[in-house]
Structure formats: C-alpha cells, structure tokens
Amino acid sequence: SQQGEEDPQALSIQEGENATMNCSYKTSINNLQWYRQNSGRGLVHLILIRSNEREKHSGRLRVTLDTSKKSSSLLITASRAADTASYFCATDDSSASKIIFGSGTRLSIRP
Amino acid sequence: DGGITQSPKYLFRKEGQNVTLSCEQNLNHDAMYWYRQDPGQGLRLIYYSQIVNDFQKGDIAEGYSVSREKKESFPLTVTSAQKNPTAFYLCASSIPGAQPQHFGDGTRLSIL
C-alpha cells in the first residue's frame with residue numbers, strides 16, 4: 001500500500017540552482033518525513049513536519065506541508081554535487097504505528 | 001558510535017536455499033523494520049517489530065520470516081518460498097510509532 005507519490009520521478013539541474021520535489025498523499029496524516037538515499041546506501045532522515053506545521057527549515061532544506069491539498073514539497077537551495085541522490089517522502093499509516101514510503105525522486109546535479 | 005549494522009553486504013542464494021540476513025542496532029530502539037527495495041523503486045515493508053518477542057507482517061511478508069529474541073537484533077530469513085528474492089534489503093530502527101527511522105547500509109541479495 002503506497003501512501004505518498006513523489007513528483008517528478010527524476011530531476012536534473014545545474015549546480016547552484018534550486019531543486020524542488022513534491023509529494024502527494026491520499027489519507028490524513030500525523031506527520032510527513034523526507035529521507036535521502038545515496039546510491040547503494042541506506043536512507044538518511046532529513047526532516048519531519050507535523051500536520052499542524054506549514055513550513056520547516058533545516059540548513060539548505062525547506063519543507064512545506066499543505067494538508068488541505070494533501071501535499072508537501074522539499075526545496076533544496078543552492079544545490080551541490082553531493083546532493084545527487086534519491087529523495088523519498090514518508091507518511092504515517094492510519095494506525096500511526098509505522099510509515100509508508102513513496103517511490104522517490106532521483107535528483108542529479110550537473111557540475 | 002550508535003548505529004545499525006547489516007551483514008553481509010552481498011549475499012548469493014542457491015535454488016531451494018534459505019538465507020538469513022543479519023541486522024543489529026545499538027541505538028536502544030524498541031522498533032525495528034525490514035524493507036525490500038527493487039531497482040529504481042521505493043521501499044516496501046516486509047516485517048516490523050515494535051517490541052521484543054513480537055512482530056507483525058508488512059505488505060510483502062510471503063516467503064520471509066523473522067524473529068525478535070533480543071532488542072538489538074532482528075534477523076530476516078528469505079525462504080525458498082520467495083521465488084523472486086533478488087533485491088536490496090534494508091533494516092531500520094526507531095522509537096515506536098511513525099517516528100524517524102535509522103537505516104543500515106543494506107544487503108544486496110542475488111540468485112546464483
């Protein structure tokens with residue numbers, strides 16, 4: 001059962017540009033999380049935003065949440081080569097006992 | 001250094017063979033999870049455990065088994081009943097509930 005869907009599936013931008021990824025989900029949530037996965041590695045937690053929050057920042061990351069549209073966006077500003085990775089959103093399931101991952105956005109940063 | 005250790009990094013399975021993937025954590029987390037990731041795809045939940053000696057099936061449990069005898073350890077067995085086991089397997093842990101998860105670096109399983 002997939003809750004979140006990321007858009008676009010793949011994104012290629014020039015180093016220094018901003019990257020925006022979107023996540024849409026189907027049912028009401030308590031929180032939404034974003035993770036990064038470098039090729040062949042495990043996922044790394046980036047940020048968690050609660051359903052009563054609209055925006056959250058962490059370094060060059062900015063996450064927004066619109067519960068009326070059931071969507072979230074992840075903005076990475078001033079991208080670097082090291083930001084090349086897949087990015088996943090994850091939402092809690094109806095029992096809030098676990099999280100469900102989307103299919104991810106593959107981000108490539110061109111030098 | 002606190003973290004999750006998965007071993008081995010690469011594993012090969014012969015026809016009809018069961019194989020066991022190891023996952024150990026020293027983060028003192030009660031909850032542990034096993035995911036399967038196919039190329040270019042997201043993560044699908046196989047099994048999860050919120051506390052020692054208890055575990056629940058995820059979305060794709062058929063052909064897999066787990067045990068949770070110790071808080072630190074959550075091994076996954078891929079049985080011969082799993083006909084398409086080739087994938088990247090990820091183990092994670094967290095405090096119970098829909099909380100941020102810490103991941104190991106995965107085990108890549110292939111068929112000989």
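In what follows, chains are A, B, ... by sequence order, proteins preceding strands, each numbered from 1.
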Please check if A:Tyr87 and A:Ile13 belong to a single hydrophobic cluster, counting links between Ile, Leu, Val, Met, Phe, Trp and Tyr side chain heavy atoms closer than 4.5 Å. yes
So which bits of residues 102-112 of chain B come within less than 4.5 Å of chain A, counting non-hydrogen atoms only? B:Phe103, B:Gly104, B:Asp105, B:Arg108
Given heavy-atom pairs under 4.5 angstrom as the criterion, report whether the side chain, backbone, both or neither of B:Gln41 touches chain A. backbone
Are A:Val63 and A:Ile76 joined in one hydrophobic group, where the rule is that I, L, V, M, F, W and Y side chains link up if heavy atoms are under 4.5 Å apart? yes
According to a hydrophobic-cluster definition based on side-chain heavy atoms being under 4.5 Å apart (Ile, Leu, Val, Met, Phe, Trp, Tyr only), do B:Ile60 and A:Ile100 belong together? no
For the CZ atom on A:Arg41, are there more than 12 heavy atoms of other groups (residues, nucleotides or ligands in this structure) within a distance under 6.0 Å? no
Atom group of B:Gln37 that falls short of 4.5 Å from chain A, counting heavy atoms: side chain
Does one hydrophobic cluster hold both B:Ile46 and B:Leu43, with members joined at side-chain heavy-atom distances below 4.5 Å? no
Between B:Tyr48 and A:Ser97, what is the shortest heavy-atom contact and its length? OH-OG, 3.9 Å
Rounded distance (nearest 0.5 Å) linking atom CD1 of A:Ile99 with atom OH of B:Tyr35: 5.0 Å
Structural part of A:Leu43 lying under 4.5 Å from a heavy atom of chain B: both
Taking atom CD as the centre, does B:Glu62 end up with more than 12 heavy-atom neighbours from other residues, nucleotides or ligands that are less than 6.0 angstrom away? no
Assigning hydrophobic clusters by single linkage (Ile, Leu, Val, Met, Phe, Trp, Tyr; side-chain heavy-atom cutoff under 4.5 Å), is B:Leu45 placed with B:Ile4? no
Using heavy atoms and a sub-4.5 Å threshold, report which of residues 87-98 of chain B line up against chain A, by residue number. B:Phe88, B:Leu90, B:Gly97, B:Ala98
If you count every heavy atom of other residues, nucleotides or ligands that lies below 6.0 Å from A:Arg54 atom CZ, does the total exceed 12? yes
Largest heavy-atom contact set with chain B, pairs under 4.5 Å, which of A:Gln33, A:Gln37, A:Arg106, A:Gln9: A:Gln33
Tell me the closest heavy-atom pair linking A:Tyr35 and B:Gln101, and the distance in Å. OH-N, 2.9 Å
Please determine, among A:Ser86, A:Gly104, A:Ala90, A:Gly40, the option with the most heavy-atom pairs under 4.5 Å with chain B. A:Gly40
Counting only heavy atoms not in A:Gln14 (residues, nucleotides, ligands), do more than 12 fall under 6.0 Å from its CD? yes
For A:Arg110, look at atom CZ and say whether over 12 heavy atoms of other residues, nucleotides or ligands are found less than 6.0 Å away. yes
